[in-house]
Asker: 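The structure is given below, and queries will be raised subsequently.
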Amino acid sequence: MIILDTALLARAGLLLQYCVSKLFRDLEPAGCSVDDRGFHCDFIPRSPNAWLSEKEARRIEELVLSEEQRGVSIDPVGTRSGNEVLELLERTAVYRVGDALAYLEPGVKPSERRVGAIKILNISAHNPEPGVRLLRLIGVAFESGEDLERYMEWLRRAAERDHRVIGQRLDLFSFHEEVGPGLVIYHPKGQVVREELIRLVREVNERLGYKEVYTPHVYRSLLWKISGHYYLYRDKMVLARVEGEEYGIKPMNCPGHILIYRSRPRSYRDLPIKFSEFGTVYRWEKRGELYGLLRVRGFTQDDGHAFLREDQVKDEIKAILREVVNVLSIFGFRGEDVKIYLSTRPEKYIGTKEMWEKATKALEDALKELGVPYEVREGEGAFYGPKIDVHFRDSLGRWWQCSTIQVDFALPERFSLEYIDRDGSRKRPVMIHRAILGSIERFMAIILENFAGRLPTWLSPIQVRVIPTGAEAREYAAKVAGMFRAAGIRVDVDAGEESVAKRIKRAYDEAVPYIVIVGKREAEKNTITVRGRGNVQARDVDPSRFIELLKDEIRRRSLRQEALERLVKGCA
RNA sequence: GCCGCCGUAGCUCAGCCCGGUAGAGCGCCGGCCUUGUAAGCCGGUGGUCGCGGGUUCAAAUCCCGCCGGCGGCUCCA
């Protein structure tokens with residue numbers, strides 16, 4: 001990741017405001033903010049048609065550089081406000097640039113060094129509050145053109161990590177116009193990754209005592225009216241009228257699980273009752289919000305619902321949270337890379353304030369007893385209850401939310417859920433909604449980008465590729481492949497006509513973690529040559545020994561190529 | 001949904017600004033090579049230029065609408 005010079009960005013932002021106001025009288029500077037990723041400058045359109053095109057952006061860039069060369073003056077005027085928009089955006093530091101005024105967020109000193117290169121990367125609308133529409137320019141600035149070129153190269157390299165690019169290159173999944181936006185089709189290799197993620201969560205569910213269930217995708221609208229989704233979530237639901245009756249495709253799995261709970265009387269002794277489901281839900285997100293696998297309309301949640309007595313809530317939350325932290329660490333997300341948030345009652349909600357307070361306290365107590373650091377986010381809860389969200393940072397420095405634990409006093413009320421308590425009285429259970437990975441789609445996208453497609457062995461669709469060096473080694477290659485297959489390892493053979501070099505390159509391109517090369521030499525001695533990532537190789541390896549090591553690496557879900565590391569160490 | 005950009009061969013992209021009916025690399029197919037460590041050589045195949053309409057003698061190229069994708073805004077797993 002390239003960290004930018006905020007002082008230089010601030011200077012560029014001031015020059016940018018000056019140049020835009022010089023070239024376009026109907027765009028009024030509304031200040032600039034900077035961070036280590038770039039600047040964003042906003043402008044108030046003075047007329048309805050005041051806007052910029054890409055071509056005009058290029059003109060502005062040129063003018064910034066020539067004004068900078070000419071040595072236009074930049075002087076601080078102090079702090080001032082009075083302008084509504086500037087105050088809203090908190091850009092109260094005023095500067096005089098040439099004969100015009102420009103604004104910055106306070107606390108950033110523009111650099112004394114001159115801007116030698118500037119690039120406007122994006123022209124978009126910014127709506128800081130309803131009714132206010134600003135023109136926003138996002139971009140970067142450097143001292144030299146070479147620095148800019150280096151940055152653009154970095155951007156290109158980052159794009160190669162894009163999960164959409166990797167997904168296509170590795171033949172994992174695709175999107176199709178005929179299917180519709182935000183709907184994924186998984187190919188065989190993508191399905192393997194999905195299944196491995198699901199298998200991991202199944203083990204967690206086993207430990208936590210969640211029983212897996214299966215529920216339909218479509219329900220009468222009646223159900224969604226009872227659950228409240230029909231009123232609070234309707235704009236994201238797919239509704240269909242069939243034979244004079246309305247049905248809705250599920251945007252959440254909870255109502256189905258609630259019906260299982262309600263299918264028979266429950267005793268206090270039965271609680272907690274926990275259901276899990278890899279439930280595929282559909283949420284009709286707005287077009288502009290869709291983004292590869294990270295934001296789709298149909299996705300599978302590793303969902304789970306626990307029905308509990310109030311005295312059981314805290315322990316359940318603690319147990320789930322421990323598992324979440326553990327699961328994230330399997331992917332290498334740990335320590336500083338993981339953050340926990342407690343989100344409280346939003347504006348639109350169901351249930352009573354008392355319920356919300358109780359639920360929020362249960363979450364808070366669990367966090368405190370676990371002694372984990374967390375932050376409170378007011379008003380960010382789901383409409384049916386407060387929640388704990390776990391965010392983590394990937395290798396590109398971005399934060400993601402996947403895991404979530406939500407306490408819910410509202411749905412049990414709406415569905416009149418009950419259990420018979422020790423004294424024979426009817427009591428209302430509490431529900432916990434939880435997801436470990438969140439959505440399989442999103443999680444898969446994140447790990448694809450995090451590992452740049454080079455997934456750890458346990459997640460790799462093909463774990464071992466056998467390459468015979470020539471025709472005479474094909475039979476032996478098939479035999480070796482058979483040994484791997486018998487050990488439950490995903491293996492294939494590339495016995496093509498191409499050169500060994502080419503087939504090795506292809507295996508690397510396809511991110512296959514282990515390449516096994518066999519030729520006459522290996523066939524005679526009953527050995528294999530093992531090649532791993534990063535040009536690491538071991539010769540004269542006993543296939544059975546490698547298979548044992550590999551099984552261990554996979555079983556442990558190692559992030560490293562432990563099997564090969566152990567072979568190499570063993571040789572040395 | 002709003003603003004901007006983009007859509008050309010299976011993939012990555014050039015051509016579009018300055019209209020004259022399409023080009024490269026990879027892939028794929030065929031042949032040669034008989035393969036030992038990150039692209040062997042030669043040849044061939046491949047496109048209603050996202051869809052629809054308009055302007056024009058002529059549209060991949062200019063204009064309008066729609067669909068899809070991306071970068072932002074808002075929202076979210």
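By convention in this document, chain letters (A, B, ...) are assigned in the order of the sequence lines, proteins followed by strands, and residues within each chain are numbered from 1.
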Asker: Would you say the side-chain atoms of A:Ser174 and A:His187 include a donor-acceptor pair closer than 3.5 Å?
Answerer: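 Indeed, the side chains of A:Ser174 and A:His187 share at least one donor-acceptor pair under 3.5 Å.
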Asker: To the nearest angstrom, how far is A:Asp42 atom CG from B:rG4 atom P?
Answerer: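 Distance check: A:Asp42 CG to B:rG4 P gives 16 Å.
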Asker: Who pairs with A:Phe331 by ring-ring contact (aromatic ring centres under 6.0 Å, His included), at least two apart in sequence or on another chain?
Answerer: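 Per chain and number, A:Phe331 pairs via ring-ring contact (aromatic ring centres under 6.0 Å, His included) with A:Phe443, A:Trp458.
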Asker: Classify every nucleotide of nucleotides 64-77 of chain B by which part a protein heavy atom approaches to under 4.0 Å, writing B for the base, S for the sugar-phosphate alone and - for neither, in 5'-to-3' order.
Answerer: ---BSSSBBBBBBB
Asker: Look at A:Gln168 and B:rU12 and indicate whether a side-chain polar atom (N or O) is within less than 4.0 Å of OP1 or OP2.
Answerer: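 Yes, because at least one side-chain N or O of A:Gln168 sits under 4.0 Å from OP1 or OP2 of B:rU12.
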Asker: Sort and list the pairs that fulfil salt bridge (Lys or Arg N to Asp or Glu O under 4.0 Å) and have at least one residue in residues 521-531 of chain A, not counting sequence neighbours.
Answerer: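 Applying salt bridge (Lys or Arg N to Asp or Glu O under 4.0 Å) to every pair that reaches into residues 521-531 of chain A, excluding sequence neighbours, yields A:Lys525-A:Asp540.
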Asker: Sequence neighbours excluded, which residues qualify as salt bridge (charged side-chain N to carboxylate O under 4.0 Å, His left out) partners of A:Lys502?
Answerer: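 A:Lys502: no salt bridge (charged side-chain N to carboxylate O under 4.0 Å, His left out) contacts found.
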Asker: Using salt bridge (charged side-chain N to carboxylate O under 4.0 Å, His left out) as the criterion, list what pairs up with A:Arg503, not counting sequence neighbours.
Answerer: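 Counting only residues at least two positions away or on another chain, A:Arg503 forms no salt bridge (charged side-chain N to carboxylate O under 4.0 Å, His left out).
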Asker: Mind checking salt bridge (charged side-chain N to carboxylate O under 4.0 Å, His left out) for A:Glu472 and listing every partner two or more places apart, or none if nothing turns up?
Answerer: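 With neighbours one apart ignored, the set is empty.
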Asker: Can you sort out the partners of A:Phe142 under ring-ring contact (aromatic ring centres under 6.0 Å, His included), two or more places apart, ordered by chain and number?
Answerer: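 Partners of A:Phe142 by the ring-ring contact (aromatic ring centres under 6.0 Å, His included) criterion, ordered by chain and then number, come out as A:Tyr151.
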Asker: Any chance you could list the contact pattern along nucleotides 34-48 of chain B? Use B for base contacts, S for sugar-phosphate-only contacts and - for none, protein heavy atoms under 4.0 Å, 5' to 3'.
Answerer: -BBBBBS--------
Asker: Which residues satisfy the salt bridge (charged side-chain N to carboxylate O under 4.0 Å, His left out) test with A:Arg506, sequence neighbours excluded?
Answerer: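 With sequence neighbours excluded, A:Arg506 shows a salt bridge (charged side-chain N to carboxylate O under 4.0 Å, His left out) to A:Asp494, A:Glu498, given in chain and number order.
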